[in-house]
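Values below: all heavy atoms of this structure, side chains included; hydrogens, waters and symmetry mates excluded. For the single chain, residues carry numbers from 1 onward in sequence order.
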Amino acid sequence: MAESATKAPDPMDIALGAAVRIRRRTLGISQEALAEQCGVSFQQIQKYENGSNRISFSRLVQIARALQCRVVDLLDVLDAPGPEAVQDLDLLTRMRVPGALELLAAYEKLAPEARSALVTFLRTISADAEVKRPTARVA
């Protein structure tokens, strides 16, 4: 039992939770409002969205109805064959990073030149962060 308590969430659960979160945020629905419509606590919605709790099929149907979409709309990324599915899962996982959705929304509003400049800037500072990251010392 102790092993399952420390086990990392399955990537599929993470991806499904991310799909729920993206849909919820796109509609402007709070976790509290979604939880109320589904008859669970907002903490449970948080756990679904971060993949730490699996979503049962019956709950997934409730969530899809509350989010005004079909169940398959939330599952679509999990069902795709080939390398696109791996890329989609990676994208959904990256969208879980705090601030990622807000950053993307702001990025969409930028002019193409500003987008290019921002990407160049971010590449520069992320490369600097990699270089400055401390390495483990070997004794």
Side-chain angles (χ1 to χ4, degrees):
M1 282 251 184
E3 183 180 313
S4 65
T6 59
K7 186 178 175 188
D10 186 280
M12 294 293 201
D13 294 325
I14 291 171
L16 178 58
V20 168
R21 180 173 186 252
I22 290 168
R23 177 68 182 173
R24 177 184 60 76
R25 301 273 314 261
T26 298
L27 295 174
I29 297 172
S30 68
Q31 287 180 330
E32 293 84 2
L34 178 58
E36 187 176 312
Q37 291 182 49
C38 295
V40 297
S41 68
F42 83 91
Q43 291 94 339
Q44 185 62 44
I45 296 297
Q46 285 178 331
K47 291 176 183 181
Y48 289 152
E49 289 184 358
N50 70 29
S52 62
N53 281 12
R54 288 187 171 170
I55 304 173
S56 70
F57 184 74
S58 58
R59 183 73 67 212
L60 185 58
V61 170
Q62 288 178 324
I63 290 171
R65 286 179 181 157
L67 296 177
Q68 304 164 8
C69 67
R70 301 172 306 155
V71 170
V72 296
D73 295 332
L74 298 172
L75 296 174
D76 193 36
V77 69
L78 307 176
D79 195 31
E84 296 87 25
V86 173
Q87 291 172 343
D88 288 346
L89 287 173
D90 181 55
L91 174 65
L92 286 174
T93 301
R94 289 172 186 248
M95 294 306 290
R96 292 179 51 227
V97 173
L101 289 174
E102 293 84 359
L103 184 60
L104 184 57
Y107 181 83
E108 288 177 318
K109 294 176 184 175
L110 295 175
E113 303 80 28
R115 287 180 185 174
S116 179
L118 179 61
V119 169
T120 300
F121 171 70
L122 290 172
R123 284 184 180 143
T124 301
I125 63 171
S126 64
D128 288 347
E130 273 297 310
V131 170
K132 293 178 183 174
R133 207 173 270 166
T135 57
R137 298 176 97 185
V138 178

Roughly how far, to the nearest 0.5 Å, is the NZ atom of Lys47 from the CZ atom of Arg54?
15.5 Å
Are Leu110 and Ile125 connected into the same hydrophobic cluster when the rule is that any two of I, L, V, M, F, W, Y join if their side-chain heavy atoms are below 4.5 Å apart?
yes
Just by distance, do the side chain of Arg23 and the backbone of Gln68 share a donor-acceptor pair under 3.5 Å?
yes
State yes or no: do Leu101 and Val20 share one hydrophobic cluster built from I, L, V, M, F, W and Y residues joined by side-chain heavy-atom distances below 4.5 Å, directly or via other members?
yes
Please determine whether residues Met12 and Val72 belong to a single hydrophobic cluster, defined as Ile, Leu, Val, Met, Phe, Trp and Tyr linked transitively by side-chain heavy-atom distances below 4.5 Å.
no
Nearest 0.5 angstrom please: Arg24 CZ to Ser30 OG, how far?
7.0 Å
Within the structure provided, determine whether Leu74 and Ile55 are in side-chain contact (heavy-atom separation under 4.5 Å).
no
Under a 4.5 Å cut-off applied to non-hydrogen side-chain atoms, are Leu67 and Asp73 in contact?
no
What pairs meet the side chain to side chain donor-acceptor pair (under 3.5 Å) rule with one or both residues in residues 111-124, with sequence neighbours excluded?
none
Supply the atom-to-atom distance Gln31 CD to Gln44 CD, rounded to the nearest 0.5 angstrom.
11.0 Å
Please indicate whether Glu36 has more than 12 foreign heavy atoms, meaning atoms of other residues, nucleotides or ligands, lying under 6.0 Å from its CD.
no
Considering all heavy atoms of both residues, which atom of Pro9 and which atom of Asn50 are nearest to each other, and what is their separation?
CG-O, 4.4 Å
Kindly write out the residues that satisfy side-chain contact (heavy atoms from CB on, under 4.5 Å) with Gln37, not counting sequence neighbours, or none if the list is empty.
Ala66
Cluster link Phe42 to Val40, ILVMFWY, side chain under 4.5 Å
no
Pairwise distance CG(Leu122) to CG(Leu103) - rounded to 0.5 angstrom:
7.0 Å
CG on Leu16 to CZ on Arg21, rounded to 0.5 Å:
14.0 Å
Looking just at side-chain N and O atoms, do Arg59 and Gln62 make a donor-acceptor pair shorter than 3.5 Å?
yes
Working to the nearest 0.5 angstrom, can you tell me the gap between Arg70 CZ and Asp76 CG?
8.5 Å
Student check: side-chain heavy atoms of Tyr107 and Leu118 closer than 4.5 Å
yes
